[in-house]
There are 2 protein chains.
Amino acid sequence: MPCLLQIDFPTQGPFGAAMTEAFTELAESIDGEPGLLWKIWTENRETAEAGGVYLFESHETAQRYLRKHTERLTGFGITGITAKVFDVNESLSRINHAPLRRE
Amino acid sequence: MPCLLQIDFPTQGPFGAAMTEAFTELAESIDGEPGLLWKIWTENRETAEAGGVYLFESHETAQRYLRKHTERLTGFGITGITAKVFDVNESLSRINHAPLRRE
């Protein structure tokens, strides 16, 4: 069953194109994480927050990534991380055209 | 630019198949919301939370829906709603196979 991971945290940036430049290599590395179907990179300059929404193929792979990524973010000096793991209600999500597989 | 909306709240259910049955009509209604690309319905029986991750085609349509849906949830008696709106970093998201359009 696909598993959704939401992570967000306070940050002063980089945002936008500078964020892309700073994290392209990290995105390429994340792409090889076991069980990852996709990640949407999120950012909000106004509220000074950023993060990601991920779809993993299982609860176990999501939890394993969450532990690894939390350690990495903490290593970047980031605090105040909010992380939530959810099951996906597939029937309702399919009604709303949700993308539950790798593109 | 696509805009991501995260909503979650404490709930005692329904979860799983009962959630599907309770909210199928609502999902069909949400599918007609202006600007909606997709919604993933989220649920976590263990932490007693549920919600949704949505992709809208613009910040404006996401904000408009958020106001409407918050009123609806409040009408259901739901409190403690967490809602966050984010821009999507498209370049990084594309590296990670993110689905940024309607299926």
Side-chain angles (χ1 to χ4, degrees), chain A residues 1-9 14-33 36-47 49-55 59 82 84-103, chain B residues 1-9 14-33 36-47 49-55 59 82 84-103:
Chain A
M1 182 193 282
C3 183
L4 187 133
L5 172 62
Q6 278 176 201
I7 299 179
D8 53 79
F9 46 82
F15 297 113
M19 180 182 177
T20 302
E21 195 176 328
F23 297 124
T24 291
E25 199 171 325
L26 178 57
E28 288 164 355
S29 152
I30 286 172
D31 215 51
E33 288 292 341
L36 179 75
L37 298 174
W38 50 255
K39 173 182 181 178
I40 296 177
W41 290 69
T42 57
E43 53 174 311
N44 189 325
R45 198 184 295 258
E46 284 176 29
T47 62
E49 289 174 295
V53 172
Y54 304 71
L55 198 69
H59 191 82
T82 301
K84 296 191 177 198
V85 172
F86 289 103
D87 292 331
V88 172
N89 185 299
E90 294 190 58
S91 308
L92 293 172
S93 298
R94 288 192 196 288
I95 294 172
N96 293 143
H97 302 268
L100 302 181
R101 53 180 174 71
R102 186 147 211 169
E103 288 278 288
Chain B
M1 182 194 282
C3 183
L4 187 133
L5 172 61
Q6 281 176 198
I7 299 179
D8 53 80
F9 44 82
F15 296 112
M19 180 183 178
T20 302
E21 195 177 328
F23 298 123
T24 291
E25 200 171 322
L26 178 58
E28 288 164 357
S29 153
I30 286 171
D31 215 52
E33 288 292 342
L36 179 74
L37 298 174
W38 50 254
K39 171 181 181 180
I40 296 178
W41 291 68
T42 56
E43 54 174 312
N44 189 327
R45 199 184 294 258
E46 283 174 30
T47 62
E49 291 176 293
V53 171
Y54 304 71
L55 197 71
H59 192 81
T82 301
K84 297 195 177 195
V85 172
F86 289 102
D87 292 331
V88 171
N89 185 299
E90 295 190 56
S91 309
L92 292 172
S93 298
R94 286 191 198 288
I95 294 172
N96 293 143
H97 301 270
L100 301 182
R101 53 180 173 73
R102 185 149 210 167
E103 288 277 291

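Chain letters run A, B, ... following the sequence lines, proteins first and then strands; every chain starts at 1.
The shortest heavy-atom contact between A:W41 and B:S93 is N-OG, 2.8 Å.
With respect to chain A, the highest number of heavy-atom pairs below 4.5 Å among B:G52, B:A98, B:P99 belongs to B:P99. No other option in B:C3, B:A27, B:G51, B:A17 has as many heavy-atom pairs under 4.5 Å with chain A as B:A27. Top candidate by heavy-atom pairs under 4.5 Å with chain B, chosen from A:I30, A:T24, A:D87, A:L37, is A:D87. For the set A:E90, A:M19, A:E46, A:Q6, the count of heavy-atom pairs under 4.5 angstrom toward chain B peaks at A:Q6.
Looking at A:A50, the atoms closer than 4.5 Å to chain B (heavy atoms on both sides) all sit in the backbone: N, CA, C or O. For A:R101, the part lying near chain B is the side chain, with the backbone staying farther off; criterion is any non-hydrogen pair under 4.5 Å. Using a 4.5 Å cut-off between heavy atoms, A:L100 touches chain B through its side chain atoms alone. Only the side chain of A:V53 comes within contact range of chain B, with at least one heavy atom under 4.5 Å from a heavy atom of that chain. A:E49 touches chain B through backbone and side chain together, each having a heavy atom under 4.5 Å away.
Using a 4.5 Å heavy-atom cutoff, the side chains of A:D8 and B:K84 are in contact. Two residues are said to be in side-chain contact when any heavy atoms from C-beta on lie closer than 4.5 Å; B:E28 and A:I95 meet this criterion.
Taking CZ from A:F86 and CG from B:N44, the interatomic distance works out to 6.5 Å, rounded to the nearest 0.5 Å. Atom CG of A:L4 and atom CD of B:E43 lie 11.5 Å apart (nearest 0.5 Å). In this structure, the separation between CG on B:L92 and OG1 on A:T42 is 10.5 Å, given to the nearest 0.5 Å. Rounding to the nearest 0.5 Å places NE2 of B:H97 at 13.0 Å from CG of A:L55. Taking OG1 from B:T20 and CZ from A:R94, the interatomic distance works out to 11.5 Å, rounded to the nearest 0.5 Å.
At least one donor-acceptor pair under 3.5 Å links the side chain of B:N89 to the backbone N or O of A:G16.
Considering B:K39, B:E33, B:R102 as possible partners of A:N96, the one that fulfils the side-chain contact (heavy atoms from CB on, under 4.5 Å) test is B:K39.
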